[in-house]
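No experiment lies behind these values; they were computed from the predicted model shown. Sequence lines set the chain letters: A, B, ... in the order given, protein chains first and strands last, and positions in each chain run from 1.
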Amino acid sequence: MRYEYLTGNIAIAEASIVSGLKFYAGYPITPTSDIFEHLARELPKYGGHVIQFEDEIASINAVVGASWACAKAMTATSGPGFSLMLEALSLAVITETPLVVAYVMRTGPSTGVPTRSGQYDVLQSTYGFHGGLVIPVLAPSTPQEAYDLTVKAFNISEKLRTPVVLLSDAVVAHTYGKVAIRERSEVEIVDRSKPSTPLSEYRPYDPVDGLVPPMACFGEGYSVLVESLTHDERGYYAPRSDAQRKLMWRLYRKITESSGKLFDYSSLYLDDCDVALVSYGSTALSTQVAAKTLRERGVRACSLKLKTLFPIYEEGISKLLKNVEKVFVVENNVGLYYRELRGILKDRDVVSVPLIDLDVPLPQEVVGVVDKWL
Amino acid sequence: MRYEYLTGNIAIAEASIVSGLKFYAGYPITPTSDIFEHLARELPKYGGHVIQFEDEIASINAVVGASWACAKAMTATSGPGFSLMLEALSLAVITETPLVVAYVMRTGPSTGVPTRSGQYDVLQSTYGFHGGLVIPVLAPSTPQEAYDLTVKAFNISEKLRTPVVLLSDAVVAHTYGKVAIRERSEVEIVDRSKPSTPLSEYRPYDPVDGLVPPMACFGEGYSVLVESLTHDERGYYAPRSDAQRKLMWRLYRKITESSGKLFDYSSLYLDDCDVALVSYGSTALSTQVAAKTLRERGVRACSLKLKTLFPIYEEGISKLLKNVEKVFVVENNVGLYYRELRGILKDRDVVSVPLIDLDVPLPQEVVGVVDKWL
Amino acid sequence: MAVTHPLDPYLRVDRIPTMWCPGCGLGIALGAILRAIDRRIEEGLLKKENIAFVGGIGCTARMTLYPYFDSAHVIHGRAIPFAIAVKVVKPEMKMVIVGGDGDIAAIGGNHLLHALKRNADLLVIMVNNMTYGMTGGQLAPTTPRGLYTTTTPYGNPERELNVIKLAAALGANYVARSSITHPQLLERTIYKALAKRGLAFVEVLSTCPEIFGRHIGLRNPVDLYMELKKKVTVKTNPSIEESDYDWGRGFVIGEFVDRDEPGFLDTYREYISKSFGGGAV
Amino acid sequence: MAVTHPLDPYLRVDRIPTMWCPGCGLGIALGAILRAIDRRIEEGLLKKENIAFVGGIGCTARMTLYPYFDSAHVIHGRAIPFAIAVKVVKPEMKMVIVGGDGDIAAIGGNHLLHALKRNADLLVIMVNNMTYGMTGGQLAPTTPRGLYTTTTPYGNPERELNVIKLAAALGANYVARSSITHPQLLERTIYKALAKRGLAFVEVLSTCPEIFGRHIGLRNPVDLYMELKKKVTVKTNPSIEESDYDWGRGFVIGEFVDRDEPGFLDTYREYISKSFGGGAV
């Protein structure tokens, strides 16, 4: 282990190499291009490939292809590019393709302010693709978290055979911080489980035991079928309600039943708290300070920073906040993740604190809104 | 007024003509192509244009362009195509471009079962685009509702200068029903408000009074600016937090503050109800029968069919269900709109009834699940 | 399971019969492709486990469902980037893209354009039935001008896209037009294309009696087949000008381009290995 | 507000200075375009209120921010379908698409391809600075082979896309290459292109000293300008073969195609009016 000063974007790039990234495809977009550029220089040194494609659609479809060629694969993008990638993310969900998308949020909608920050896309990151299932979403608020959650994102993607969204933002992307860099030998790296059946008996969508099927890839003799249609365990088209039910519920359960294992958060003063400030990503930096400020003023405030946004660990979050009277959900948007939390914290007052700022909303803004409710 | 037997898709096509549609751009996709084909034959008779583009991305961008050329404009698509359209829907949101997307849901994710039905895309329809704002979503369950809600969709789009999603599904699309067809003179048609300022003083994003700016279009001498960047009232790029806040909150409020006016529903036995079955789209057909069945068995059941899904009229829905003990949310998906409703019905038991079926889930399936909870 | 046909080892025989309509030209195309592959395997140029089929959406793309190779049936228009990535990661693979005119040249047009520009190491087989068959007969970029389709009920006002000309202008290593009415020639074309580095593009004129036949008034599969056959002229080394795409005047089939420039993989690896002494890749 | 420059009536003068870097070629391009438009307005061929600029994303697309016409600054790569729709609905409009090589030929490639195929009635001006300027110097489809860019730090392994050849192969009515190093010629080219029906495609070679200049070792605007000027050869009626795209050997500028086939709008309206006696459209 060693320490370096890195931005969130470079932390993502470095962590992806440690995680075993072997293929990156991308298209330039602010504020993610430096992930791409860093990898273009560094990844070939580790035998990996970095290719620029003609657009984001080609990039994400290439990432899907690379993953089926056994390579850990990633792309990075921002709002307009992520919107273009959603059709292929839906493909990755139904074909159970491990891959990571680093989604560095900027100010939207549409072109918005490309160089500046926001958290407008938190619901899009998991509800954006057609098909109504869940993609795991992790949100860093510091370069160190960007590093650690990137490793985690690759591990989840391989373990659960799923696309994973690493949801960063323009502030985290370009803020420098001290990052503990771990060598590959120091990090737990998960690789997809490989089939143990004879070549001719392999069924690419058969979970055997559990919910996640072992994954063979191209060129190994398994004659795999990557199938975007509703399919049975062999990958054969199965336009029947029973097949659809079986596939949908398995795809849903493999993600949602892992919500406890995937859950990651950090907190301040949670043991002794009446007023909880919940946030994520760069806004959490202000929220932590706001909690301290309120404490200094005698309010029993605490802060809960969520690093796993989806799947939502409902019981876990509910339990963490069980002794709290009031929950404030602080976000740099019109109040989006609040919609999720109010649904699972039914017996508590949940208040939305939507603060729109091209950078991080200031702690005093957070305190100001909370004050009105106290 | 006259009556005809029409499918949901043809009802959409006919209603769009009555609503003043002048431009349709599309790309073939099951189960929507007959909307396109019907309009290709009929719309030119009314001086309108129907053009096939090379993909769904071109189609929706053409629709945005046509709307700025003063034409009421529409496209129709299904899951894979809608995913491709999201970047441009985000453009339509920030540029406040009136347009209608008929989204006929099929079975997903990805290619799924293209010819069959589901309700997987209900959250994607409004959370799918980057930018974190709200697109109004209307959901018909019969050909008559498809007709009426199409007229309503065009009116909302013009009144609020917004894209509107008409969220149908493959069952509604291809089921025949008796439809009261109204002539243009019998229908209230809303047209966008036009500027009353001199040419050189017009500001395309200035709401003047209220929240919706009058809209000039190309070729009228106003030198309009269609701007995808965060902009001020003139349409000039404004990369500042105050400009972003002002624009975001206006765009948000113009939709959400209309939620009461946009709200549309129908119900059975709601006045006298302990157990409410809430649903939308084709699933509502079964839910209504299930409510009757339960009544016959002595359960004080009722059904609430939502025709407006977004923006959610929280107070209205809450009030409709205020005397109900238990709310069952019946959907042909893994339980998606349930996530919204449980958040606004905090003091009631809200139960998800996710029934996955390539057609309409049968009433007895609904009754079966409800029975377990009673 | 008794082997009853010489191509059975290359087929998922439990999925036969195919989903294609009676009289569809795709069966002929698939047979020719598999025979060409068989010859290349017999010769030792290809290995069965290193062949992959990739297709988007449409009747032709469903050709990925039947061969007993690695296969991907992905999303509409996006087979090419998927395949490029597989090839970059595993250069020993032979990537065969199968798609209709809509999949490859309408929605997939940009990926074809850039694959051609890169001379990406792919065999792209575009089966051209001149319509959208699977969705019921809408306009394709290859639909003859003037024809009535379900989305152009007053006649198609657009010029046809000549994909041969596009492929030649952008520098593919191999550009040929063939036809299911000439199965042996088709097989030889595919056989040759399989040995090329860089991008090999083969357009296969085909028959869709169910849909295109309805548009053109030839719903009987044999009638449509004979009509297409009449329209096809075989030429040796025709010029690009002779590739003109015209249902009225007929089609020249043959090899329009046959060159041997470095493929994308060659130059990509050359650039990387120049910097890393070949060690990294 | 005092008019201080003859082009001021065509500019949103309150938005000047532009966002472009000092030494950027885009100012020269915009000046030439506006002078050409001015001449056409003076002649009575165009009306100010019927001119619209449409651009996607990139430095060139921001050219839509300054002219005092109807303008749309939309999303990356999608200016063309937006513009086609405006033209179909309001045929009296003159649609001018302005975009960089990335906007028009990378992400926007498919819309260009199909607009060419349709001979859509648009003037497409692609300003080619051979890099992604706005995002800081990534590979463009037009970046010279071998060049080091931020996303190809070991050299660009790809062939360049010759968009002139693409436009000619697909049948645009007018295909020209010009250069900001020859502003009068550029103005004449745009002037001529403004009068064409169907698709007129003009590539404008331009200089990005800040980004491309850094890649190529010529950050001084004058040096890069002079270098590009040296590489440019003006020809009268050059052949398509002479359009070869090669930074090393230089570029021929001139008119490669000038024909007068019916545009999309002509044939579209002909087909509809045949069926409705001209009454409906």
Next on the checklist: side chain to side chain contact (heavy atoms under 4.5 Å, CB included) for L84(B) and I107(C)? Distances and angles first, verdict last.
Outcome noted: CA-CA 11 Å; L84(B) 288 172; I107(C) 192 167; 4.1 Å; yes
Checklist entry - Considering residues at least two apart in sequence or located in another chain, which fulfil the ring pair (Phe, Tyr, Trp, His ring centres under 6.0 Å) criterion with F154(B)? => result none
Checklist outcome for this item: disulfide (SG to SG under 2.5 Å) pairs touching residues 105-163 of chain C, sequence neighbours excluded, are none
Next on the checklist: By the disulfide (SG to SG under 2.5 Å) test, which pairs, at least two apart or in different chains, include something from residues 8-93 of chain B?
Outcome noted: C70(B)-C217(B)
Across chain C and chain B, going purely by atom type as modelled, what donor-acceptor pairs are there at a distance under 3.5 Å?
unit_1: Y27(B); atom_1: OH; unit_2: H76(C); atom_2: NE2; d: 2.7
unit_1: Y27(B); atom_1: OH; unit_2: Y132(C); atom_2: OH; d: 2.8
unit_1: E37(B); atom_1: OE2; unit_2: Q138(C); atom_2: NE2; d: 2.6
unit_1: E37(B); atom_1: OE2; unit_2: T150(C); atom_2: OG1; d: 2.8
unit_1: R41(B); atom_1: O; unit_2: Y154(C); atom_2: OH; d: 2.3
unit_1: Q52(B); atom_1: OE1; unit_2: L139(C); atom_2: N; d: 3.4
unit_1: Q52(B); atom_1: OE1; unit_2: T151(C); atom_2: OG1; d: 2.6
unit_1: Q52(B); atom_1: NE2; unit_2: L139(C); atom_2: O; d: 2.6
unit_1: E54(B); atom_1: O; unit_2: I107(C); atom_2: N; d: 3.2

Next on the checklist: Counting only non-hydrogen atoms closer than 4.5 Å, does I57(C) touch chain B with its backbone (N, CA, C, O), its side chain (CB onward), both, or neither?
Outcome noted: side chain
